[in-house]
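Along the sequence shown, the residues carry numbers beginning at 1. All values below were derived from every heavy atom in this structure, side-chain atoms included, with hydrogens, water molecules and symmetry-related copies excluded.
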Amino acid sequence: MFVLTEMKDTVRIPPWKFKKKLNDAIADELNRKLSNKVYLHVGLCIALSDIVKIEESYIFPGDGASHTKVHFRFIIFRPFMEEILIGKIRSCDMDGVHVTLGFFEDIVIPPHKLQYPSRFDQTEQVWVWEYDTGSGEKHDLFMDVGEIIRFRVVKETFTESLPNNPHGPKEATEKSESKSVSPYTLEAAIDEPGLGLLSWWENA
């Protein structure tokens with residue numbers, strides 16, 4: 001679920017942070033700049049692991065800050081395909097079951113990846129697994145919001161987002177905001193025995 005990724009960047013340290021040790025100031029700036037950000041085709045940056053190498057620092061004319069090229073390792077959230085994770089159901093709609101891990105919420109289990117047969121209950125706004133008891137009867141198992149769920153990661157999608165033009169037309173800005181999509185999403189599945197709500201299997 002988590003991987004260490006080696007990266008490099010030029011870190012700008014403002015003058016008021018010169019009183020700190022260089023390593024501490026660099027660590028603060030890297031965490032501020034990268035934590036909770038998605039790097040395209042890398043994953044969600046969580047926290048700095050360690051600093052591998054610090055090169056010389058430079059101060060450029062007209063800028064009192066120092067600029068230092070740094071090689072470092074960052075903890076990245078990027079599950080491997082087919083990895084099994086446990087999260088909580090955040091919401092349900094016609095698009096499927098939306099799951100959260102607490103720090104990451106862009107996980108969806110589409111209808112065709114739910115236990116079969118499943119239906120969407122419009123009144124309760126939840127998905128329901130029509131479990132076959134084996135005696136010719138079906139028992140409804142509701143996928144309620146807040147329930148703990150075990151799922152398998154089957155697909156990831158990175159979306160490159162472009163910054164909005166602050167000087168552009170207001171209508172264009174509103175349109176782009178309405179169509180905003182997450183830069184990193186996971187598609188999951190629970191269509192096999194042992195996956196789904198933990199409460200389904202605890203007495204199995």
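The side chain to side chain contact (heavy atoms under 4.5 Å, CB included) with D9 is formed by just one residue from the set K69, K33, H71; it is K33. Just one of F80, F103, F74 meets the ring-ring contact (aromatic ring centres under 6.0 Å, His included) condition when paired with F2; it is F103. A side chain to side chain contact (heavy atoms under 4.5 Å, CB included) with V99 is found for one member of I149, D106, L186 and no other, namely I149. Put simply, the residue from P183, C45, S182 that forms a side chain to side chain contact (heavy atoms under 4.5 Å, CB included) with V38 is P183.
Two residues are said to be in side-chain contact when any heavy atoms from C-beta on lie closer than 4.5 Å; F120 and Q125 meet this criterion. The closest side-chain heavy-atom distance from D144 to L197 is not below 4.5 Å. Under the 4.5 Å side-chain criterion, counting only non-hydrogen atoms from C-beta, F77 is in contact with L101. Side-chain contact check for T185 versus I107: every heavy-atom pair is 4.5 Å or farther apart. Two residues are said to be in side-chain contact when any heavy atoms from C-beta on lie closer than 4.5 Å; I190 and F151 meet this criterion. Counting heavy atoms from C-beta outward, I148 and K88 have side chains that approach closer than 4.5 Å. M143 is listed as a side-chain neighbour of L114, based on a closest heavy-atom distance under 4.5 Å. Proximity of D93 to H98: side-chain heavy atoms (C-beta onward) are separated by under 4.5 Å at one or more points.
Heavy-atom contacts from other residues, nucleotides or ligands closer than 6.0 Å to OH of Y116 number 12 or fewer. For E192, the CD atom sits in a packed shell: over 12 heavy atoms of surrounding residues, nucleotides or ligands are nearer than 6.0 Å. For K37, the NZ atom is densely surrounded, since the number of other residues' heavy atoms within 6.0 Å is greater than 12. More than 12 heavy atoms of other residues, nucleotides or ligands lie within 6.0 Å of CE in M81, so this atom counts as buried by the packing criterion. In the displayed structure, Y131 atom OH is contacted under 6.0 Å by at most 12 heavy atoms of other residues, nucleotides or ligands. In the displayed structure, E56 atom CD is contacted under 6.0 Å by at most 12 heavy atoms of other residues, nucleotides or ligands.
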* Decide yes or no on side-chain contact (heavy atoms from CB on, under 4.5 Å) for W127 and I109, but give the supporting numbers first. => CA-CA 11 Å; W127 281 89; I109 307 171; over 6 Å; no
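The distance from atom CD of E29 to atom CD1 of I13, rounded to the nearest 0.5 Å, is 6.5 Å. Here the OG1-CZ distance, from T10 to R12, works out to 12.5 Å after rounding to the nearest 0.5 Å. Considering CG of L195 and CD1 of I84, their distance stands at 5.0 Å, rounded to 0.5 Å. Note that OG1 of T68 and CD1 of I59 are 9.0 Å apart. Values are rounded to the nearest 0.5 Å. Here the straight-line distance linking atom CG of D50 with atom CD of E6 works out to 8.5 Å at 0.5 Å rounding. In this structure, CZ in R150 is found 9.5 Å from CH2 in W201, a value given to the nearest 0.5 Å.
Side-chain N or O atoms of R152 include none that pairs as donor or acceptor with a backbone N or O of D191 at under 3.5 Å. The main-chain N or O of I46 is found under 3.5 Å from a side-chain atom of S35 such that the two form a donor-acceptor pair. At distances below 3.5 Å, at least one donor-acceptor pair connects side-chain atoms of E83 with backbone N or O atoms of M1. Without hydrogens or angle criteria, N31 side chain to L34 main chain gives no donor-acceptor distance under 3.5 Å.
When hydrophobic clusters are built by joining Ile, Leu, Val, Met, Phe, Trp and Tyr residues whose side-chain heavy atoms come closer than 4.5 Å, directly or via intermediates, F158 is not grouped with V108.
For the pair D28 and K17, the salt-bridge criterion is not met [side-chain N within less than 4.0 Å of a carboxylate O].
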